[in-house]
Amino acid sequence: MNPAEARGLNSPRMAPKKDKKKQNEPVQPELVTAYKAREPLPPIEPPDVSEVDAQWKALRDQYVQPLPAWNSELVDTTEWRPNETEDAFASNQFSVFAMPRSFAALVAGWRRAGASALAKGELLPEEPEPQAQPIPDLKEEPPEPVPDPKAKAKPKADTKAKAKAKNQPEEPPEKPTTMQQYANCTYEGEARVVSQSEFRSRELLLDLDDAAPQLSQAIASQFAAVAEHRLLLPGGCFLWELIHPQDEEGMPLYNPHGKYIVKLFVQGKWRQVLIDDVVPVGYAMHGNNTYASLLPCSQDINIIWPQLLAKALIQAFQDDLNMPVLPCITALTGWVPYQLPLSWSALQGLKAVRTFCTLQTSSQVDFEARQRAELMPSIPQAEAQAGPRKSIAVPMQAPTFPPGQEQNLKLGNQPQEALLEFLVCETEEEPRQVRLKADAFVPQHGTPRKQVRDADSEEEDGSADAGNTDGQPVQVDEEVDDSDRDDLDEDDDGQNTHSGEGEGAEKRTDQGGSQSGEGPEMEQDEEPEMSDMPWVAPWPNQNPHPLLMKSSIQEFQAQLQGGNWVSFEELETTSATFCSYIPPGEHVLTATLDTCWDGERAQAYMPPKTCLLRICLVLQELEQGASRNRLEAGDSKPKPGPPWLQTVFSYEPLGQNGRLSETPPPSSPCSCVLQAVNSWRPSPGQQVLEPPDCINLTVGDGAQPSSVSFSALMPPGEHWYLVSDDAAELAGSVLSVSVEGLLLNGGKSSVDFVEPAKALSKYQMALLPVGPLQYPIHTGYCVWAKSEILVSEAYADSLQTLQLLCHLTDVTLWPYIQLSCLRVSELESKADEPAENRCANWSVSTVLKSPLLRVMSLPLADEEAIGPAKYVLMLEANLPPEVLPKTGGEISIQIFGPPGTATEPEDPLEGGEKEGEAGLDDEVPLQLQMLTVDRVMRWQGDCSENDKGLVLCERITVPPDGDVTSTLRISVERLPQAFLRATLVAQMPPTDDMRAPNPDGTPLEPLVPGAPINPRDYGGRRNWLSRCKKVAETSGLEIVSFSHVLLRQASTYLLYVHLDQFRGPASLDGGAWVLESFGSGSLEVGSDAMEQDLEELVRKSWESSQQEGEAKPRSEIAAETREAWTSTKSGAGASGEAEDTVGKAEEDQVIASVLERTREVAHPNDSIAKFLCGHADTPAVLTQEDPYTVAPDRPEWKPAEDTDGVVSEEVCAEDTEAVAVKALGTEGERHARELEIELSNARWQAAKERLDAAKERNASQIQELRQWRDERTAVPGGVQGSNFASARSELRGALHSRMEKCAVLKILCFDEKRMDPEPLRAALSEADVAGARNYDPDLMDNSMRKLRVLDGAVAFQETMVTAEAKIEAAAAASSAVQAMDEGSEGFAEAKDAASTAAEEAAAAANALGDSLAEFKASIKDAQAFDIPVPADLLNEERMEKATALLEQHAAAAAAVSADTETA
């Protein structure tokens, strides 16, 4: 049924113009309509979001601060304060809470690095534990003072000075450089960052200690791996060269103030780490109250670069200190780590072309060397044995050590094995083994010599000793002049051994002294420095090539002396991967996406827009030409396929800051997903190699570190990846990608992070931007934006989807935003159709409704659509009260289509910037136009009960100043779970045929658009309904909305909302409704009164008095019509009083007959029965021949009185037609329904009686409980005196026990494999005691039946065995008697025994027969109740055997009896 018929619809605001010439003519009284426009509600004040805007300030310390990027100029002008020694610098970026527990357990205190740090505790003050400090609060700028106009003018300052200051702004003073600050440095101590000899030779002199923590040993091993590449690393990238301040040559300078900046490659780029020189120390091995360094240290206790560098690494990775091995090699060198699964072929292949390959495995502790170190004489005794030292004055002052402090002390705790990173030096094929080296550390199962297969090859491999680590350390005399030069050429392993031998320690002391300027040997070494020739660094200025020539590899491997050989089989059991480091440079394509919240955090964090990773890998053309030449030359080798390129993805988000408290925050996983979106661009053809479809980088999940690196192989070609980063919504992250590009064309290959618009413009992909728009500040529902997308007719069929990239600055609002895609269809108007009918020529269908996502696809395929397609995108938000938007928040959407949809490739954004144009160009494939939604209006009303379930019926009038696009939303209050059905109807104006003509015949005046129409112009309700057309409908629970409606100017629409009583409550009592409009213009809304107005017109026409020359009143016309019909029905044609009397009598007779038939005949349908009985003499019966013809029921046949009720078969056969009519007529159906009704009534009456009885019983029991409670309360002590807890506990335990016992009994009863009756009998007894018979009587009966079967089986088996034995014994005794001669000796005894055996056999046979019968009966009874019986008990073989045995016994007994009778 048309919704308009359920409720009268409203008229459009049109009315006929008044003709001034007819003012003198009589005017019809104007109708006062009941319609009244509603006043809209006042606008809602936006909520106060000042607290929300300031919430970001509380999050400044919640996330870790990123390290600042490296800036050489800023570092050089840093304020070092080298002369300020009293108040030492303390870094606020490192916290002791970040140290691992195993490390913190060894910390005895914190001391400044250097010789004095290892002095006795009473001589050196302890430094406080490092504590990270929160970010300083922001300084609020004072507001600018507002000048007081009433204040007196102050005397003006010097205008010339102000003008000078204004024209020439004062420049800040230049900061002094590092060398300028150190020009007046007065420090004369012994401590140095690095000695000059170490700096110029790059020789690593570490003092290793197996008792150091795992973290320190791992860092020391990585120091050693980097030091092996001393001649390959460029200047400024070696270990101590990363420490600042530095002099002109790049040598680090010692800062007495304790402030240093270390350059590390972390978070995708070179960054600066600000540290102090306070390091942790532990208790030393010898002496009381002495300390040893917990961090790696140099053999010279005055050299502090290892401790500074280790502390910088720990501070940079303080969130990952629980990792066994930190990524220190990449941080120290900037080389890219590429991880591969450990295999012999991969290890050999990379080792042949790469110099830097490492492998992580456990170290091996030399406990013998440790014991020798513990048994060493005390240091003063060693000093006394060594004798006095010679000292020579040199330009650099030699350090003077306190007594007993000339060498590093070892830690007093037990040595421990650690997971270290060893450098792969060499591989051997037969047998497969690898030489690993990390200074003097020994890997597990490592030996200094190669492993050989037989004794013959051992002599040949004797020269393969791994670097003189087998024997005694070389003895060096201090008086040798050239010992310093010789020491640099000697093997480091013999010198750096951590065995603690006296001779080795003495030699290390000599080296430290010589490098610091002590000893006579420095005189000859200083001569070249004192000359005019400047020192030239022997290392290169740039990183090496990633793939070196074979000769270079062999030369480098020749320098790698020492190390230990480990079997490859052993390595496979301890390591799963190995790492190959790729040096950076022009041959490595690198891109970094840094979205971190800056360190100062003076502003709130703004999430970045979605980014696109574009990897374009183009191979060099030389390779193709070379392959072509090989083919032309007749090379038979197959052409190799395209190479795979090594690619490394690194991801490090800013995690939560746990440095400010001892309790770290719970770790939450954070992921960055790189999703391949190569389908967004046209495919260049069939691609042989496919790149990874998805790359997932996850950190912080469980034991995972806060950064992750992923190695992959990428094929040549162009690859697009969409970056979806979780950290971009928190505090940002650093994502870096590195591709080794040796085989690539550097000019055409690239790796970069770009905006999608830039990447799409290359392929002529139209980009339609929506926004950025500032969303409103509100709570509750609101429409944020609408945009209209027009797809040209040429692309409407081929365009299947549109891609959307969404961005929102406030990430907390994502769950509350919905995107709707609607298709708008406008019907073509006919040529002769009036213009006012266009108000109903549109329709809207929903294509998609989905929560707003960062990346979305819109399906646009519509097979039924013809011509250009128009779509509307709508953003709507429904914010709960606890979620408030921030001020100045923005939202933006980028919409793009398939390739080739842009008319101007150079500027793909131009098509989306034509929002304000009046018309749209049909030649453009995609066009976008923003729609206005800022006109928000609200109306409210109360619900009232009505028989139609109508919540509201409102008339919406559109002003004549233009069309209005809007979103209509209706919600109800105080009507929970109300299901609403809403309909929007367009009311078109009346046609000229409907309007009453003018009395004088003049033409009607045209209706004025926008003016109200008199309801008389419709000429009745039926005409009015014909001019109403439904344009939209929707439904919902408590809320319904029309997402997009097109309201034509000067038109009227009717909005109906009904309550669906079949899907929710049917009551409207106490409810209220709210109507909201979010559109482009204002609307007029009021309660519709058109139907009331039309009814009022009809009512007034009935009540109008008869006037001269006018028609009779409607009441008289109705009475005359009724009288004429009655007369015609009765056939009376006479006139006068006689005719009236006769007509009246006949009418009464007809009415009486009708009433009589109504009482006698019953029809299944009451309304049809009344009609048939009132207007027809024939009852309603369907005949057999024609089921659609109404025929009378045959009277029920009864036998004559003289037949005494006896009916012959012939008489019954003759009345078959009556039986058929009765069966197919309505009388039989009526009798059947009456019987059914009687049965139903009886059934429901019985149910009602049972229900009433139950109610009465429950009421009486409740009354008894109340009385019992009152009685218990009245006793002494009352309820408090009664202890119900124990009774309740006992009752609960009894119920629980009963349920458990019933469960056990049920299992035993229905388990068809159980044949032992004793468990079932015990369970049945226990269940009976627990009251299971009241709980589940069927279970108890079934269990007893099952027990009967099992007992019968046992009894049957026992009786069968007994009977078989007795019958056999009786047969044997009878045979024995028959074999004996009567009268012989023993015959009488044998006969008595045979008689006794026969009696026992007969009793056993009777028992067997009874048990067999009982067993069969029990089985039959159990099967009748579907109780499973074990299959073995159903075996017919035993039953047949028992039957045969009984028959055999009966035959034997009969034979004996016959013999007895014969005798």
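All values below come from the heavy atoms of this structure, side chains included, with hydrogens, waters and symmetry mates left out.
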Decide yes or no on side chain to side chain contact (heavy atoms under 4.5 Å, CB included) for T361 and L420, but give the supporting numbers first. CA-CA 6 Å; T361 186; L420 309 181; over 6 Å; no
Show, in sequence, the C-alpha distance, side-chain angles and deciding distance for L295 and F103, and conclude whether the side chain to side chain contact (heavy atoms under 4.5 Å, CB included) test is met. CA-CA 10 Å; L295 298 181; F103 194 106; 3.9 Å; yes
Start with the C-alpha distance between T592 and L735, add both sets of side-chain angles, then the distance that settles side chain to side chain contact (heavy atoms under 4.5 Å, CB included), and finish with yes or no. CA-CA 6 Å; T592 302; L735 175 64; over 6 Å; no
Would W305 and F223 satisfy ring-ring contact (aromatic ring centres under 6.0 Å, His included), going step by step from the backbone distance to the final call? CA-CA 11 Å; W305 73 263; F223 285 171; 5.7 Å; yes
Working note: L359 + E421, criterion side chain to side chain contact (heavy atoms under 4.5 Å, CB included); need CA distance, chi angles, decisive distance, verdict. CA-CA 6 Å; L359 189 145; E421 192 163 4; over 6 Å; no
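Annotation for L59 and W597: closest pair O-CZ3, 3.6 Å, computed over non-hydrogen atoms. The two residues P691 and M714 have their closest heavy-atom pair at CB-CE, 3.9 Å. For the pair F578 and T358, the tightest heavy-atom approach, listed with the atom from each and the gap, is CB-O, 3.5 Å. F753 and C611 make their closest contact through CB-SG, 3.6 Å (heavy atoms, listed as atom of the first residue, atom of the second, distance). Summarising the geometry of A728 relative to P607, their closest heavy-atom pair is O-CB, 3.4 Å, with the distance given to 0.1 Å. The heavy-atom pair separating N678 from W720 by the smallest distance is OD1-N, 2.7 Å.
Evaluation of the side chain to side chain contact (heavy atoms under 4.5 Å, CB included) rule for T812 yields D810 as partners, not counting sequence neighbours. Every residue meeting the side chain to side chain contact (heavy atoms under 4.5 Å, CB included) condition with P880, not counting sequence neighbours, appears here in chain and number order: Y816, E882, V883. Under the rule for a ring pair (Phe, Tyr, Trp, His ring centres under 6.0 Å), the partners of F265 that lie at least two apart in sequence or sit in another chain are W270. S671 meets the side-chain hydrogen bond (donor to acceptor under 3.5 Å, both in side chains) test with T698; sequence neighbours excluded. Every residue meeting the side-chain hydrogen bond (donor to acceptor under 3.5 Å, both in side chains) condition with R271, not counting sequence neighbours, appears here in chain and number order: Q267, D594. Listed by chain and number, the residues in a side-chain hydrogen bond (donor to acceptor under 3.5 Å, both in side chains) with S216 amount to none (sequence neighbours excluded). Applying the ring pair (Phe, Tyr, Trp, His ring centres under 6.0 Å) test to F649 and every residue at least two apart in sequence or in another chain returns nothing. The salt bridge (charged side-chain N to carboxylate O under 4.0 Å, His left out) test applied to D277 returns R112, not counting sequence neighbours. The side-chain hydrogen bond (donor to acceptor under 3.5 Å, both in side chains) search around W70 returns S72, not counting sequence neighbours.
Note on residues 730-743: pairs passing salt bridge (charged side-chain N to carboxylate O under 4.0 Å, His left out), not counting sequence neighbours, are R354-E740. Here salt bridge (charged side-chain N to carboxylate O under 4.0 Å, His left out) pairs that include residues 602-615, with residues two or more places apart or in two chains, are R614-D752. Within the structure, every pair that satisfies the salt bridge (charged side-chain N to carboxylate O under 4.0 Å, His left out) test and touches residues 68-79, not counting sequence neighbours, is listed here: E79-R81.
Side chains of F356 and L423 form a contact here, defined as non-hydrogen atoms less than 4.5 Å apart. Residues Y721 and C694 have side chains not in contact (no heavy-atom distance under 4.5 Å, counting atoms from C-beta outward). Looking only at side-chain heavy atoms (C-beta outward), L589 and S738 stay at 4.5 Å or farther from each other. Contact check for L722 versus L805: side-chain heavy atoms found under the 4.5 Å cut-off. In this structure, W240 and L308 have side chains that are not in contact, with every pair of non-hydrogen atoms separated by 4.5 Å or more. A 4.5 Å side-chain heavy-atom check between V751 and C616 finds every atom pair outside the cut-off. Taking 4.5 Å as the limit, some side-chain heavy atom of T887 sits within range of a side-chain heavy atom of I777. In this structure, L808 and L813 have side chains that are in contact, with non-hydrogen atoms separated by less than 4.5 Å.
Between the side chain of E652 and the main chain of S707, no donor-acceptor pair closer than 3.5 Å is present. Without hydrogens or angle criteria, W335 side chain to N543 main chain gives no donor-acceptor distance under 3.5 Å. With hydrogens and angles ignored, the 3.5 Å screen pairs a side-chain donor or acceptor of Q246 with a backbone N or O of E241. A side-chain donor-acceptor contact under 3.5 Å links Q315 to the backbone of L274. No donor-acceptor pair under 3.5 Å is formed between the side chain of T330 and the backbone N or O of P327. Listed for the S749 side chain is no donor-acceptor partner under 3.5 Å among the backbone atoms of L617. Of the possible polar contacts, one joining the Q214 side chain to the L419 backbone as a donor-acceptor pair under 3.5 Å is found. At least one donor-acceptor pair closer than 3.5 Å links the side chain of S575 to the backbone N or O of Q360. N745 places no side-chain N or O within 3.5 Å of a backbone atom of V618 that could act as its donor or acceptor partner. The main-chain N or O of R601 is found under 3.5 Å from a side-chain atom of D598 such that the two form a donor-acceptor pair.
Side-chain rings of H244 and Y260 stay apart, their centers remaining 6.0 Å or farther from each other.
Relative orientation of the F896 and W680 rings is perpendicular, given thresholds of 30° and 60° on the angle between their planes.
Here CG of L613 is found 12.5 Å from CD of Q675. Values are rounded to the nearest 0.5 Å. Between C806 atom SG and Q894 atom CD the span is 9.5 Å, to the nearest 0.5 Å. Remark: M99 CE to Q318 CD distance equals 9.5 Å, nearest 0.5 Å. With values rounded to the nearest 0.5 angstrom, F710 atom CZ is found 10.0 Å from T647 atom OG1. Note: K263 NZ to L309 CG = 13.0 Å, rounded to the nearest 0.5 Å. Separation of atoms SG (C328) and CG (L313) is listed at 4.5 Å; rounding is to 0.5 Å.
A 6.0 Å sphere centred on CD of E890 holds more than 12 heavy atoms belonging to other residues, nucleotides or ligands.
Side-chain N/O atoms of S733 and D725 include a donor and acceptor closer than 3.5 Å.
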